[in-house]
S.K.: 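Below: one structure in structure tokens.
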Amino acid sequence: MKRERSGNERGSIMRREKKRKQEEAFALRLKKDFIRYRYIYLMLLPVVIYYAVFCYGPMSKIVIAFQNFKPALGISGSKWVGMKYFIDFFTGPYAWRLIRNTLLLNILQIILAFPVPIILALLINEIQCRPYKKLVQTVSYMPHFISLVVMCSLLLTFSRSDGIFNDFLALFGVERSNLMANAKLFRPMYVLSGIWQEAGWGSIIYLATLSTIDPGLYEAATIDGASRFQRMLYVSFPGLVPIIIVQLIMRVGNILTMGFEKVFLLYNPLTYDTADIISTYIYRQGLELTNYSYGTAVGLFNSAVNLLILVLANRLSRKATGESLW
């Protein structure tokens, strides 16, 4: 028994010593890495500060979702109300409308807008003339650099009864009207304008991935008699599958998160039925009406559901394709 105990003690000491050496080696490699790539880490610092201040810092105040928060009393002095504001949201008249609008806009973007950069990248990759290829890339990227405020202002101006869209529709006998005041047209206008503005920019990551595909694969396919379309379908597209899956998981993980700014700039009370989403509702309740606790509760629900969907999408992707974020 003493020998066995002594052997176990020696084994435990050896494991601890091995672990200590591994930690020291890791710390040394980390120190060397920081010294070698110090300028790259310095460039990363603003991003880390941004997320620390605006994303992780406010999480400590999420507790006000369970309080009747009063700024004059502060967090410590405000009354606890538990799940009251969550219940108020789900039993209120707007919960289903907000969730429906947010889901529909996101699903439409996934179905209609998500494939466009992939198709555009595949088509640009097939252009043989380099000057023309660069021209197409540049033209497709340009809308991304238009300010969102400017783009929305142009869209509102073009959609007025005397705007260019109505001038075109009038040629076919359609009666003039303010298109952005029509609730049924908000979703198509939102999705199509997003495709126009972001398709070229979104294709960059796919074009970069296509540039890493072994040219020998294209040569082998050509020798086997594959046409250009077949090479694109059986060589180029499979090379994009891993990055497509990663991008899709990230997109699905934000299915209840919409770009607040664009909806806020485009919608109006006449289009609330199809345009009002969770983030704009949080803005009106939390800031305009100063219902801080209620707005925080709705935002917490939104974030929790997004996190759950992201984890499920990642797990399903890993099981189905072997590709995942983690």
S.K.: How many angstroms lie between CD1 in Ile244 and CG in Leu240, if you round to the nearest 0.5 Å?
M.R.: 5.0 Å
S.K.: Are the side chains of Lys133 and Asn125 in touch, meaning some heavy atoms are under 4.5 Å apart?
M.R.: yes
S.K.: Lys262 and Ser193: side chain to side chain donor-acceptor pair (under 3.5 Å), yes or no, with the steps?
M.R.: CA-CA 10 Å; Lys262 186 175 179 181; Ser193 63; 2.8 Å; yes
S.K.: Out of curiosity, does Val150 fall in the hydrophobic cluster containing Phe264 (side-chain heavy atoms, cut-off under 4.5 Å, transitive links)?
M.R.: yes
S.K.: Taking only Lys NZ, Arg NE, NH1 and NH2, and the carboxylate oxygens of Asp or Glu, determine whether Lys84 and Asp88 approach each other closer than 4.0 Å.
M.R.: yes
S.K.: Would Asp276 and Arg97 count as a salt bridge (Lys or Arg N to Asp or Glu O under 4.0 Å) here? Give the steps.
M.R.: CA-CA 8 Å; Asp276 196 19; Arg97 185 184 76 178; 2.9 Å; yes
S.K.: Please evaluate residues Asp273 and Arg100 with respect to the criterion salt bridge (Lys or Arg N to Asp or Glu O under 4.0 Å), reporting the C-alpha separation (whole Å), side-chain torsions for both, the decisive distance (0.1 Å), and the verdict.
M.R.: CA-CA 10 Å; Asp273 190 51; Arg100 180 198 65 198; 3.7 Å; yes
S.K.: Can you check whether Met189 reaches Leu266 side chain to side chain, under 4.5 Å on heavy atoms?
M.R.: no
S.K.: Assess whether side-chain contact (heavy atoms from CB on, under 4.5 Å) is satisfied between Leu207 and Ile124, documenting all intermediate values.
M.R.: CA-CA 8 Å; Leu207 285 169; Ile124 292 176; 4.0 Å; yes
S.K.: Please report the shortest heavy-atom distance between Ala208 and Ser211, naming the atom on each side.
M.R.: O-OG, 2.5 Å
S.K.: When clusters are formed by joining ILVMFWY residues with side-chain heavy atoms under 4.5 Å apart, either directly or through shared neighbours, do Met142 and Leu192 land in the same one?
M.R.: no
S.K.: Verify the neighbour count for atom OH of Tyr94: are there more than 12 heavy atoms of other residues, nucleotides or ligands below 6.0 Å?
M.R.: no
S.K.: On a heavy-atom basis, which atom in Ala170 and which in Arg176 lie closest, and how many Å separate them?
M.R.: CB-NH2, 4.1 Å
S.K.: I'd like to check Met232 versus Glu126 (side-chain heavy atoms, cut-off strictly below 4.5 Å). Are they in contact?
M.R.: yes
S.K.: Would you say the side-chain atoms of Thr290 pair up with the backbone N or O of Gly286, donor to acceptor, closer than 3.5 Å?
M.R.: no
S.K.: What is the distance from atom CZ of Arg318 to atom CD1 of Ile249, rounded to the nearest 0.5 Å?
M.R.: 9.0 Å
S.K.: Using the rule that Ile, Leu, Val, Met, Phe, Trp and Tyr join whenever any side-chain heavy atoms are under 4.5 Å apart, tell me whether Leu123 and Val136 fall into a single cluster.
M.R.: no
S.K.: Could you tell me if the ring centre of Tyr56 sits under 6.0 Å from that of Tyr51?
M.R.: no
S.K.: Just by distance, do the side chain of Ser159 and the backbone of Leu179 share a donor-acceptor pair under 3.5 Å?
M.R.: no
S.K.: Do the side chain of Gln285 and the main chain of Tyr294 share a donor and acceptor less than 3.5 angstrom apart?
M.R.: no
S.K.: Exactly one of Phe301, Trp96, Tyr85 should register a ring-ring contact (aromatic ring centres under 6.0 Å, His included) with Phe90. Which one does?
M.R.: Phe301
S.K.: For the CZ atom on Arg315, are there more than 12 heavy atoms of other groups (residues, nucleotides or ligands in this structure) within a distance under 6.0 Å?
M.R.: no
S.K.: Please identify each residue that fulfils side chain to side chain donor-acceptor pair (under 3.5 Å) with Tyr37, with sequence neighbours left out.
M.R.: none
S.K.: Check whether any side-chain heavy atom of Ile277 sits under 4.5 Å from a side-chain heavy atom of Leu98, and report yes or no.
M.R.: no
S.K.: Once rounded to the nearest 0.5 Å, what's the spacing between atom OG of Ser60 and atom CD1 of Ile75?
M.R.: 7.0 Å
S.K.: Would you say the side-chain atoms of Gln109 pair up with the backbone N or O of Tyr190, donor to acceptor, closer than 3.5 Å?
M.R.: no
S.K.: Would you call the rings of Phe66 and Phe86 parallel, tilted or perpendicular, where under 30° means parallel and over 60° means perpendicular?
M.R.: tilted
S.K.: Could you go step by step and tell me if Lys61 and Thr296 meet the side-chain contact (heavy atoms from CB on, under 4.5 Å) rule?
M.R.: CA-CA 9 Å; Lys61 308 299 187 295; Thr296 304; over 6 Å; no
S.K.: So, Arg38 side chain and Ile35 main chain: donor-acceptor pair closer than 3.5 Å or not?
M.R.: yes
S.K.: Please test Glu17 against Arg20 for salt bridge (Lys or Arg N to Asp or Glu O under 4.0 Å), starting from the C-alpha separation and ending with a verdict.
M.R.: CA-CA 5 Å; Glu17 183 66 19; Arg20 185 184 63 81; 2.3 Å; yes
S.K.: Check for a donor-acceptor pair, side chain of Ser293 on one end and backbone N or O of Phe69 on the other, with a separation under 3.5 Å.
M.R.: yes
S.K.: Examine distances only and state if a side-chain atom of Asn268 and a backbone atom of Met180 form a donor-acceptor pair shorter than 3.5 Å.
M.R.: yes
S.K.: Would you check if Ser203 and Tyr141 make a side-chain contact, meaning some heavy-atom pair closer than 4.5 Å?
M.R.: yes
S.K.: Do Ile111 and Val116 land in one hydrophobic cluster if side-chain heavy atoms of ILVMFWY residues count as linked below 4.5 Å?
M.R.: yes
S.K.: Which atoms form the tightest heavy-atom contact between Ala313 and Val252, and what is the distance?
M.R.: CB-CG1, 4.0 Å
S.K.: Without swapping roles, check the side chain of Asn166 against the backbone of Ser177 for a donor-acceptor pair under 3.5 Å.
M.R.: yes
S.K.: Answer yes or no: are there more than 12 heavy-atom neighbours, outside Ile164 itself, under 6.0 Å from its atom CD1?
M.R.: no
S.K.: Indicate if Ile146 and Val149 have the same hydrophobic cluster label, given that clusters are the connected sets of ILVMFWY residues with side-chain heavy-atom separations under 4.5 angstrom.
M.R.: yes
S.K.: Taking all heavy atoms of Ala113 and all of Ile195, pick out the closest pair and write down the distance.
M.R.: CB-CG1, 3.6 Å
S.K.: Check whether any side-chain heavy atom of Val241 lies under 4.5 Å from a side-chain heavy atom of Phe237, and answer yes or no.
M.R.: yes
S.K.: Roughly how far apart are Leu122 CG and Leu233 CG, rounded to 0.5 Å?
M.R.: 9.5 Å
S.K.: Once you round to the nearest 0.5 Å, how far does CG of Leu120 lie from CD of Gln137?
M.R.: 9.0 Å
S.K.: Just checking, is any N or O donor in the side chain of His144 or Gln197 under 3.5 Å from an acceptor N or O on the other one?
M.R.: no
S.K.: Taking Ala226's backbone N and O only, do any of them form a donor-acceptor pair with Asp224's side chain (distance below 3.5 Å, no angle check)?
M.R.: no
S.K.: Taking all non-hydrogen atoms of both residues, which atom of Gly202 and which atom of Pro117 are closest, and how far apart?
M.R.: C-CB, 3.6 Å
S.K.: Restricting to non-hydrogen atoms, name the atom on Pro188 and the atom on Leu185 that form the minimum distance, rounded to 0.1 Å.
M.R.: CD-O, 3.3 Å
S.K.: Please check if the number of heavy atoms outside Glu175 that lie under 6.0 Å from its CD is greater than 12.
M.R.: no
S.K.: Side chains of Ile282 and Phe260, heavy atoms from C-beta outward: is any pair under 4.5 Å?
M.R.: no
S.K.: Cut-off 3.5 Å, side chains only: do Tyr267 and Thr274 have a donor facing an acceptor?
M.R.: no
S.K.: Do Met151 and Leu265 have side chains that get closer than 4.5 Å, going by heavy atoms?
M.R.: no
S.K.: Once you round to the nearest 0.5 Å, how far does OG1 of Thr157 lie from CZ of Phe165?
M.R.: 10.0 Å
S.K.: Apply side chain to side chain donor-acceptor pair (under 3.5 Å) to Tyr272 and Thr280, showing your working.
M.R.: CA-CA 10 Å; Tyr272 276 179; Thr280 54; over 6 Å; no
S.K.: For Asn178, is there any backbone N or O sitting under 3.5 Å from a side-chain donor or acceptor partner on Arg160?
M.R.: no
